[in-house]
Amino acid sequence: MTTIGIIGAGHIGSQVARKAVELGYDVVISNSRGPETLQDLVAELGPKARAATSAEAAAAGDFAVVTVPLKNYKDVPVEPLAGKIVIDTNNYYWERDGHIPALDNGEATTSGMLQDHLPQSKVAKGFNHIMAKDITTDGAPAGTDNRRALATASDFPEAADLVTRLYDEFGFDTVNVGPLSESWRVERDRPAYVKRQNAAELKGNLAKAPRTI
């Protein structure tokens, strides 16, 4: 099975790790405080998971999930992620991150900022508009009536395809928003944000999203 490097062990990162291990993936997980602070989580996850530094997790993963506060995105290691697909869960909370004019003015997207920071990687939006607890509990088999849907966006079709496959394994349908320049449609405070919706409902909510809040 594939190894997933997870950079960030907060609510989303921990839940992605739990579901990934359940599905048979190997997980290498990191945080900003050091591997020794993750021993309880790793013990819970079992033998398919280990703690590491961010650089080690980035290097170990066949692909990576970046789930750090937006204000810390420039701390994400660049070189170990070169050539890899990176799933970005970031959201912009100005109360935490400080105001970023390019985001306030609708001139940039959070995932686009990470893509600029990782010019040799292939960034895709993922898991940003679902409550962390729902990642492990709200999935359903493919074909289930009213199956929950999640959105992705990427400038690279192969990155969006990987997110689509992972979503399906986690129990969710996918709506592809298009390039990263359109990923604002699923960001904070828009109609699709942290709302349970099937694919048709998600498409409708994406269509009516305002560019600025």
Residue pairs fulfilling salt bridge (charged side-chain N to carboxylate O under 4.0 Å, His left out) with at least one residue in [range], sequence neighbours excluded:
range            : answer
residues 157-168 : K122-E158, R147-D168, R165-E169
residues 99-118  : none
residues 87-103  : D88-K125, E95-R188
residues 193-213 : D138-R196

Could you pull out the closest heavy-atom pair between [X] and [Y], with the gap in Å?
X    : Y    : value
A17  : I29  : CB-CD1, 4.1 Å
L180 : S154 : CD2-CA, 3.8 Å
P210 : P191 : CD-CD, 4.0 Å
F172 : I130 : CZ-CD1, 3.8 Å
A124 : V163 : CB-CG2, 3.7 Å
P69  : N90  : C-OD1, 4.3 Å

Is any side-chain heavy atom of [X] closer than 4.5 Å to a side-chain heavy atom of [Y]?
X    : Y    : result
V68  : D75  : no
V177 : L206 : yes
T67  : V16  : no
D173 : N198 : no

From [X] atom [atom1] to [Y] atom [atom2], the distance as rounded to the nearest 0.5 Å:
X    : Y    : atom1 : atom2 : result
T212 : L103 : OG1   : CG    : 11.5 Å
L150 : L202 : CG    : CG    : 7.5 Å
N91  : L70  : CG    : CG    : 8.5 Å
T152 : N176 : OG1   : CG    : 6.0 Å
D26  : T3   : CG    : OG1   : 4.5 Å
I4   : I85  : CD1   : CD1   : 12.0 Å

Just checking R190: does its CZ atom have more than 12 heavy atoms from other residues, nucleotides or ligands closer to it than 6.0 angstrom? yes

For the backbone of [Y] and the side chain of [X], can you confirm whether one donor and one acceptor N or O come within less than 3.5 Å of each other?
X    : Y    : answer
K48  : V27  : no
Q115 : D155 : no
N31  : G34  : yes
S14  : A9   : yes
S183 : G112 : no

Mind checking who shares a hydrophobic cluster with W184, ILVMFWY linked at side-chain heavy-atom distances under 4.5 Å? none

Once salt bridge (Lys or Arg N to Asp or Glu O under 4.0 Å) is applied, do any residues pair with E182, and if so which ones, sequence neighbours excluded?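 Residues passing salt bridge (Lys or Arg N to Asp or Glu O under 4.0 Å) with E182: R185.
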
Side-chain polar contacts of residues 38-45 - donor-acceptor pairs under 3.5 angstrom, sequence neighbours left out - could you list them?
residue : atom : partner : partner atom : Å
Q39     : NE2  : P35     : O            : 3.1
E44     : OE1  : R18     : NH2          : 3.1
E44     : OE2  : R18     : NE           : 2.6

Could you tell me which residues satisfy ring-ring contact (aromatic ring centres under 6.0 Å, His included) with F63, sequence neighbours excluded, listed by chain and number?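 With neighbours one apart ignored, the set is empty.
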
ILVMFWY cluster, [X] and [Y] together (side-chain gap under 4.5 Å):
X    : Y    : answer
I100 : V66  : yes
V76  : V78  : yes
L162 : I12  : yes
V186 : L114 : no

Using the rule given for side chain to side chain contact (heavy atoms under 4.5 Å, CB included), can you reason through V65 versus I7, listing the C-alpha separation, both sets of side-chain angles and the distance that settles it, and then say yes or no? CA-CA 6 Å; V65 177; I7 300 171; over 6 Å; no

Evaluate the criterion side chain to side chain contact (heavy atoms under 4.5 Å, CB included) for residue pair L166 and I87; output intermediate values, then yes/no. CA-CA 10 Å; L166 194 65; I87 301 173; 3.8 Å; yes

Which residue pairs satisfy the ring pair (Phe, Tyr, Trp, His ring centres under 6.0 Å) criterion with at least one member in residues 79-118, sequence neighbours excluded? Y73-H117, W94-H99

Within residues 120-147 or reaching into it, pairs that qualify as ring pair (Phe, Tyr, Trp, His ring centres under 6.0 Å) - sequence neighbours excluded: F127-Y167, F127-F170

Does N205 form a side chain to side chain contact (heavy atoms under 4.5 Å, CB included) with Q197? I'd like the steps, not just the answer. CA-CA 9 Å; N205 283 328; Q197 56 216 308; 2.7 Å; yes

Hits for side chain to side chain contact (heavy atoms under 4.5 Å, CB included) against A207, two or more places apart or cross-chain, chain-then-number order -> none

Go through the steps to decide whether S30 and T53 satisfy the test side chain to side chain contact (heavy atoms under 4.5 Å, CB included), and finish with yes or no. CA-CA 5 Å; S30 65; T53 67; 5.7 Å; no

What's the verdict on side chain to side chain donor-acceptor pair (under 3.5 Å) for N128 and E187, showing C-alpha distance, side-chain angles and the deciding distance? CA-CA 7 Å; N128 79 297; E187 289 179 350; over 6 Å; no

Who pairs with T144 by side-chain hydrogen bond (donor to acceptor under 3.5 Å, both in side chains), at least two apart in sequence or on another chain? none

